[in-house]
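Values in this document were obtained by computation on a predicted structure and should not be read as measured data. What's counted below: heavy atoms across the whole structure, side chains too, no hydrogens, waters or symmetry copies. Chain letters run A, B, ... following the sequence lines, proteins first, then strands; residues in each count from 1.
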Amino acid sequence: MPVGTVGSVKGVYHRDLKEDIGAEIILGNTYHLYLRPGLDTLYKAGGLHRFESWDRPILTDSGGFQVFSLTGIRKLTREGCTFQSHIDGSRHTFTPENNVHTQRVIGADIMMALDECCPGDADHNYARKSLDLTKNWLERYAKSFRESDPLYDYQQTFFPIIQGCTYKDLRLEATEHALQFSELGIAIGGLAVGEETEVMYEMIETVCPQIPQDRARYLMGVGTPANILEAISRGIDMFDCVMPTRNGRNGMLFTWNGIMNMRNAKWEQDFSELDPSGTSFVDHTYTKAYLHHLFKSGEMFGAMLASEHNLAFYLDVVRQAREHIQAGDFLQWKDAVVKRITQRM
RNA sequence: GGGUGAGUACCAGAGUGGCCAAAUGGGGCAGACUGUAAAUCUGCUGGUUUUUACCUUCGGUGGUUCGAAUCCAUCCUCACCCA
């Protein structure tokens, strides 16, 4: 299984799309499909034949997180969630049922269940109710999935999402429930949403041992390169995150030697190559001073180069993680590099 | 030579007797960003001090006043107009 990214599918219709999916469909654009050694054959056996021939499978999110970030213009009910477009105020509704349909239409290889992303600082009572809603939606989603067929000539699978906020009892309950609907993989959601990083790691440690080894574990929305390595050490296989592109656009570069804020004055006269240990062509084609200049000047090209670099770096991180797992020295390697990559340059 | 207008912090530009260390932009310096309403947002930007506070600033000098970036006199500089 090659490590790869799904390119941006935001606003881009699948080449075989059979229905107009409408403009309200919002999809993330940086899925980092790191997969631990040993899972490769699983995917081939799972009937997702495109995984064999195409190293860039499509993964679509349900929109559950968008709804989470829409506080103020959303309404959650048992039926689903209604929200207003920030563009024209029009109302839209996500239900587990129409969400399955949408992701069928897009033709994602991996579809994500519709869930409620519970805030990291929610109390147990709220988290309890939130989890009940997510469980109800998951059951309906699974039913709708079973009763519908792919619209294209390949199989699709969906990942249920484990919620439960920062409460171990809820996380365990959610894991047991979600596993009933897990075919090839399962996701952990509702983390990195306000809680302490250590708490996030605790939740991963709580959940992962409950998941069978042959199931891919996808940690949604995480995170920094260090977060990713720590999560891998706790059993996670897949990630996605806006961080490489968003932070890149805002001038932050992640490298093996630490984090650079390209807007900082210290780079103004630094004509060394962008990242000597980088794997992207931009790392050896442009200088730190040039990128600094682009950001200070507000040139879009700076954001483009930074995104390119960060995506390449993220992929390098997970590729090397795989190699060290295979070599048997992952933990030792991880502890050494985490120190380096988290320092400020 | 005559006339009019203007000189405010790095830049532009408000302010026209006390609530002014001086609005607002820009620039500068830093920070944030984790299933993308995000090429975004936040803070600082005369000096000393942790804050209160105090000190030095609004072209120069000298006045008026309890108090001046603001009023008066004068000088300097710039812009425009007339000759």
Rounded distance in Å between the [atom1] positions of [N] and [M]:
N     : M     : atom1 : answer
B:A9  : B:U64 : C1'   : 27 Å
B:G3  : B:U48 : C1'   : 48 Å
B:C58 : B:A53 : C1'   : 23 Å
B:U24 : B:G62 : P     : 33 Å
B:C29 : B:U77 : C1'   : 33 Å

Tell me the interatomic distance from [X], atom [atom1], to [N], atom [atom2], rounded to whole angstroms.
X        : N     : atom1 : atom2 : answer
A:Phe295 : B:G28 : CZ    : P     : 14 Å
A:Met200 : B:U34 : CE    : P     : 12 Å
A:Phe83  : B:A37 : CZ    : P     : 10 Å

So what's B:G7 paired with, Watson-Crick or G-U wobble, going by both distances under 3.5 Å?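 Pairing partner, where one exists within any strand: B:C76.
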Show your reasoning for whether side-chain contact (heavy atoms from CB on, under 4.5 Å) applies to A:Leu229 and A:Trp333. CA-CA 10 Å; A:Leu229 291 176; A:Trp333 169 80; 3.8 Å; yes
Whether the side chain of A:Arg344 and the base of B:G31 hold a donor-acceptor pair under 3.5 Å is what I'd like checked.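 No.
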Hey, is the side chain of A:Gln163 pairing donor to acceptor with the base of B:G35 inside 3.5 Å? yes
Quick check: does any side chain N or O of A:Gln163 sit under 3.5 Å from a backbone N or O of A:Leu131, one acting as donor and the other as acceptor?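 Such a contact is absent between A:Gln163 side chain and A:Leu131 backbone.
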N/O donor-acceptor pair under 3.5 Å between A:Lys288 side chain and A:Glu273 backbone: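 The answer is yes, because a donor-acceptor pair under 3.5 Å joins these two groups.
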Taking the six-membered ring for Trp, are A:Phe94 and A:Phe83 ring centroids under 6.0 Å apart? yes
Which part of the nucleic acid, if any, lies within contact of A:Leu219, taking any heavy atom under 4.0 Å across all strands shown: a base, the sugar-phosphate backbone alone, or nothing? nothing
